[in-house]
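Reminder, nothing fancy here: chain letters follow the sequence lines and each chain counts from 1.
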Amino acid sequence: MNFSDTWSNLKTKVVEALLECVTPGIIVKTDVINSLEEPPDKSFGDLASTLPFTLAKKLKKPPLKIAQEIVSELKKIDQVKKIKILGNGYINFFIDYPKYSKETLNLVLSLLEKYGNANFFEGKKVIIEYPAVNPSKPWHIGHARNAILGDTMSRILNAVGFNNVLRIDYINDLGLQIAQLYFILKQKEKWNYTGKYDHFLGKAYVKAVKQIEGNKQKEEEVREILKLMEEGDNETSEKIKKIAFKCVRAQYETAYRLNIFHDLIVWESDIVHSGLFKKALERMLECEHIERLESGAIIAKIDIFDEFKEMKEPYKVLVRPDGTATYLAADIAFQMWKFGKIEDVLRYRILEQNENTLWTTSQEGKEKKFNGADYVINVIGAEQAFPQRLMYLSLKLMGFEKEYKNSYHLAYEHVWLPETKFRGREGTWIGYTTDDMINEAIERARLEVEKKNPNLDLDTKIQISEAVGIGAIRYSMIKSAPEKKITFRWDEVLDFNGDAAPYIQYAHARSCRILEKSKLDPLEIIKDANFELIKTENEKDLVLLISKFPSLVLNIIKRMKQTPWGTKIDINLLPAYAYKLATAFNQFYTNCPVLSSEEEIKIMRVILVKATQQTLNNVLNLMGITALERM
RNA sequence: GGGCCCAUGGCCUAGCCAGGAUAAGGCAGCGGCCUCCUAAGCCGCGGAUCGCGGGUUCAAAUCCCGCUGGGCCCGCCA
């Protein structure tokens, strides 16, 4: 399938044409590409170049004169109707809309749900990990940000040609949190609780922390539990595994409500008890910069990296003298597994099968190979930038240069409460779990539905409320850039007006109703459509925006940038685009009647509506938000 | 001590990485628009020393240097 798109084609042609007008050697192609910009006002045209300014100094001529020279030599571009010099040297291109619309709308209607996809990364496998919450509590709103980012990212990755995206969740069932939790749970044979299991555990954990902290004897008991967990194959570790499983399944009820899915759960206990970790450690020891000390500790010497040369003790401990592994070692081992640098000795079984198949690692499972990725993305809070980088550098230390380069820490800042931040041990999350947020969102949406559409049947009302509530949450979590902290306020997240998911869903629903009432088949009538009739600014705006969708999606991935903070990604371009498209459609809706127009215009507009509806649908899908047909 | 992130109208954000034309939206406020495809919408009004100070450039919210304020990170912790 050919995924080329009309906007990129146009830009490529403009760049080539401009390049031909400049003496070779003065300027490179990138300069021309970078000179392109979208004019601040559409009366200035659809695309502009500031090339004359760049050239002014080199050619020692005023920009205006250069612009005139370039334009006089510029060859004809099919999709460009006219070229105009504005200001003191901007070259502005005006699109030939009849031609451009025909190409764009035909493309959309031929690709349908695939419009916006690309085959850029075809044949590549990517493993993405999120949100890796401890199996001892419910997700709070901050975990939702992580999971929504990860899930949205997976959807985008799929769209740009990674036909092999493995979404994994890593569960730390050997950690201190669950040991402390077990300390309190084992005090009673049977616990009566109401509500979800993960909520019950979360509250029990808060109690446990209060009991244990500062009490030497109790802390010792917890250490005993930790040791038993690490060893495995005993009653304590079995019981804890059951608790963790039950907890994760409760957490996943929350995930499913948010349209968040995984392909595989990996348990830390399975990594350790399957011998995978041991295998990884053996491989690490082959590295000349990793060695075992007399004390029995295993360390990585990192002084070969310039940035650590100044350190007093330029090494990192991987394994303590008592034989227990540090987090760094566990992370390295897992990352090696992800890249297929160690044999996959894990065993797997299917845990849940709904519209999605969820696998889990399991000692009783069967052999299967899940690992071996070209790219690995870990969705983890920005506060872990340093440990993440250290882990990637360790791969480099071992000679895994390519794997080092292809490791992405998709970082994001935390969600805060207006007065404080989320602290698991203090229970500040109580009242702010993801479930609380979902329930509140759906309830508020339900009130709106009741107000706006009291005559719908109950099932439809419920369905709409859920889609609107969930959509609002997902949208609010990706609309601000990952490097900005989000302060959680009910009224902002659950405001269904303006720049929010329901606005986009509403535009989509409106477009569906027009198509439905028109009783025309857009795929049939497109061959008779006359795009010379596209004349209004509203129609042109729509066509132009629709045409920009594929390159927007692809660029989100292509422009991912690794920095010391973590990987920067413009995932917020997705909601921003969706909002712009919905706005353009709502304006069109107000000003351009479809059904009541004369036949030829009606046909043309039905096609435009279909293309808009399809693009809205596709962008909503990428965001994991349900595209409603009515609301 | 070293490093990273953030700072844009009353509030929330886009634009910054790839410098360009009157800084773009939402919320809140005020005022209009439903005999016409769903008013969860559309149109209009008011409101911004783009944290501060320098520098680079024909051009700086955007790049560089230095500050200030807020957050985060630098353990054989988890």
Side-chain angles (χ1 to χ4, degrees), chain A residues 30-31 33-37 39-41 44 48-50 53-54 56-57 62-63 86-90 92 134 172 175-177 179 226 295 297-299 307 310-311 315-322 324-328 381-387 389-390 411 413-414 416 421 445 448-449 451-453 468 476 479-487 489 491-492 495-500 502-507 509-511 513-518 559 561 563-566 568 570 572-573 575-576 579-580 582-583 585-587 589-597 605 609 630-631:
Chain A
T30 338
D31 296 322
I33 293 171
N34 289 341
S35 83
L36 293 184
E37 65 167 67
D41 189 310
F44 295 166
S49 170
T50 58
F53 300 106
T54 321
K57 201 163 197 182
L86 289 169
N88 49 350
Y90 293 91
N92 292 38
N134 266 305
N172 181 0
L176 180 68
Q177 284 202 11
L226 265 174
S295 66
I298 297 174
I299 58 157
E307 61 197 282
E310 309 286 303
M311 275 173 71
Y315 65 84
K316 286 282 158 187
V317 174
L318 300 178
V319 177
R320 305 179 190 99
D322 68 1
T324 56
T326 61
Y327 258 69
L328 177 60
E383 76 283 359
Q384 289 198 47
F386 181 71
R389 216 158 59 84
L390 205 55
E413 294 292 341
H414 281 192
W416 288 60
K421 55 170 149 178
E448 287 298 305
V449 174
K451 206 158 47 178
K452 309 224 144 102
N453 258 318
V468 166
S476 75
K479 96 167 169 179
S480 39
E483 60 267 26
K484 306 243 185 186
K485 89 174 193 190
I486 292 178
T487 304
R489 295 186 185 91
D491 288 342
E492 280 168 24
D495 188 342
F496 298 153
N497 299 309
D499 188 3
Y503 179 92
I504 298 151
Q505 291 170 309
Y506 184 61
R510 283 175 136 187
S511 65
R513 296 289 279 161
I514 294 176
L515 294 172
E516 191 186 314
K517 289 193 173 174
S518 79
R559 289 182 179 168
K561 199 176 158 193
T563 78
W565 174 79
K568 296 223 168 158
D570 299 322
N572 52 314
L573 290 182
Y579 180 69
K580 261 194 239 161
T583 302
F585 180 74
N586 279 330
Q587 289 165 342
Y589 187 94
T590 307
N591 300 320
C592 307
V594 178
L595 303 181
S596 59
S597 291
R605 286 186 176 161
V609 171
R630 65 169 64 205
M631 60 188 278

- Query: Under 4.0 angstrom, heavy atoms only, what part of the nucleic acid is A/D570 near: base, sugar-phosphate, or nothing?
  - Reply: base
- Straight-line distance of A/W565 CH2 to A/E483 CD, nearest 0.5 Å: 5.0 Å
- When rounded to the nearest Å, what value does the distance between P atoms of B/G44 and B/C4 take? 44 Å
- Query: Say you pick atom P in B/G9 and the same atom in B/C34; how far apart are they, in whole Å?
  - Reply: 36 Å
- Task: Select base, sugar-phosphate, or nothing to describe what A/Y579 touches, counting heavy atoms under 4.0 Å on all strands.
- Result: sugar-phosphate
- Query: Choosing from B/C6, B/G26, B/C43, which nucleotide comes nearest the side chain of A/K484?
  - Reply: B/C6
- Message: Donor-acceptor pair, distance only, cut-off 3.5 Å: does the side chain of A/T50 make one with the backbone of A/F53?
- Response: no
- Can you tell me how far C1' of B/C17 sits from CG of A/N572, to the nearest Å? 13 Å
- Item | Same-atom distance (P) from B/G46 to B/G31, integer angstrom | 15 Å
- Pairing partner (Watson-Crick or G-U wobble, both distances under 3.5 angstrom) of B/G41: B/C33
- Message: Do A/R630 and A/E516 make a side-chain contact, defined as non-hydrogen atoms from C-beta onward lying under 4.5 Å apart?
- Response: yes
- Query: B/C6 and B/C45: how far apart are their C1' atoms, nearest whole angstrom?
  - Reply: 33 Å
- Item | Interatomic distance at C1', B/C73 relative to B/G29, whole Å | 42 Å
- Counting N and O atoms only, with roles assigned by atom type, does the side chain of A/R559 sit under 3.5 Å from a partner on the main chain of A/D570, one being a donor and the other an acceptor? no
- Item | Residue pair A/T326, A/K316: steps toward the side chain to side chain contact (heavy atoms under 4.5 Å, CB included) verdict | CA-CA 10 Å; A/T326 61; A/K316 286 282 158 187; over 6 Å; no
- Message: Please classify the nucleic acid contact of A/A481 as base, sugar-phosphate, or nothing, using heavy-atom distances under 4.0 Å.
- Response: sugar-phosphate
- Task: Select from A/P63 and A/S480 the residue whose nearest nucleotide in RNA chain B is closer to the 5' end of that strand.
- Result: A/S480
- Item | Sugar-phosphate only, base, or nothing, as touched by A/K57 at under 4.0 Å among non-hydrogen atoms | sugar-phosphate
- Query: Base, sugar-phosphate alone, or nothing: which one does A/R489 contact when heavy atoms must sit under 4.0 Å apart?
  - Reply: sugar-phosphate
- Looking for any heavy atom pair under 4.0 Å, which part of the strands does A/E37 touch: base, sugar-phosphate only, or nothing? base
- Task: Take nucleotides 73-78 of chain B nucleotide by nucleotide from the 5' end and write B, S or -, depending on whether a protein heavy atom sits under 4.0 Å from the base, only from the sugar-phosphate, or from neither.
- Result: S-SBSB
- Pick base, sugar-phosphate or nothing for A/D41, based on heavy-atom distances below 4.0 Å to the nucleic acid. base
- Item | Same-atom distance (C1') from B/U35 to B/C30, integer angstrom | 29 Å
- Query: Between A/K561 (NZ) and B/A18 (C1'), how many Å, whole number?
  - Reply: 9 Å
- Are the side chain of A/N92 and the backbone of A/A48 linked by a donor-acceptor contact shorter than 3.5 Å? no
- Task: Round to the nearest Å and state the distance from A/K580 atom NZ to B/A14 atom P.
- Result: 13 Å
- Note on the structure: A/E413 has its side chain closest, among B/C42, B/C17, B/C5, to B/C5
- Query: Below 4.5 Å, heavy atoms only, C-beta onward: do A/Y506 and A/N497 meet side chain to side chain?
  - Reply: no
- 5' precedence on RNA chain B between A/F53 and A/A385 (nearest-nucleotide basis): A/A385
- Task: For B/A59, give its Watson-Crick or G-U wobble partner with both distances under 3.5 Å, or none.
- Result: none
- Item | Rounded interatomic separation in angstrom, taking CD from A/E483 and P from B/A7 | 8 Å
- Query: Between atom CD1 in A/I33 and atom C1' in B/G19, what is the gap in whole Å?
  - Reply: 17 Å
- Task: For B/C5, measure the glycosidic angle (O4'-C1'-N9-C4 for a purine, O4'-C1'-N1-C2 for a pyrimidine) and name it syn if it falls within 90° of 0, otherwise anti.
- Result: anti
- Note on the structure: In whole angstroms, the gap separating P of B/G26 from CG of A/N586 amounts to 12 Å
- Message: Which nucleotide, if any, forms a Watson-Crick or G-U wobble pair with B/C4, using both distances under 3.5 Å?
- Response: B/G71
- Does B/U22 have a Watson-Crick or wobble partner in any strand here, with both distances under 3.5 angstrom, and which is it? none
- Pair A/E307 + A/R389, salt bridge at N-O below 4.0 Å: yes
- Note on the structure: Heavy-atom contacts, protein to nucleotides 28-40 of chain B, under 4.0 Å, summarised as B (base), S (sugar-phosphate only) or - (none) per nt, yield ---------BBSB
- Task: Taking the side chain as every heavy atom from C-beta outward, state whether A/C592 and A/Q587 have any atom pair closer than 4.5 Å.
- Result: no
- Message: Rounded to whole Å, please give me the gap between CG in A/L573 and C1' in B/C16.
- Response: 12 Å
- Sidechain-backbone polar pair: A/N172 side chain, A/G175 backbone, donor-acceptor under 3.5 Å: yes
- Query: A/D499 and A/K479: which non-hydrogen atoms are nearest, and at how many Å?
  - Reply: O-NZ, 3.0 Å
- When rounded to the nearest Å, what value does the distance between C1' atoms of B/A61 and B/A18 take? 16 Å
- Can you tell me, in whole Å, how much space there is between the P of B/G71 and that of B/C12? 16 Å
- Any donor-acceptor pair under 3.5 Å from A/T583 side chain to A/Y579 backbone: yes
- Item | Between C1' of B/U22 and CG of A/L86, the distance in whole Å | 14 Å
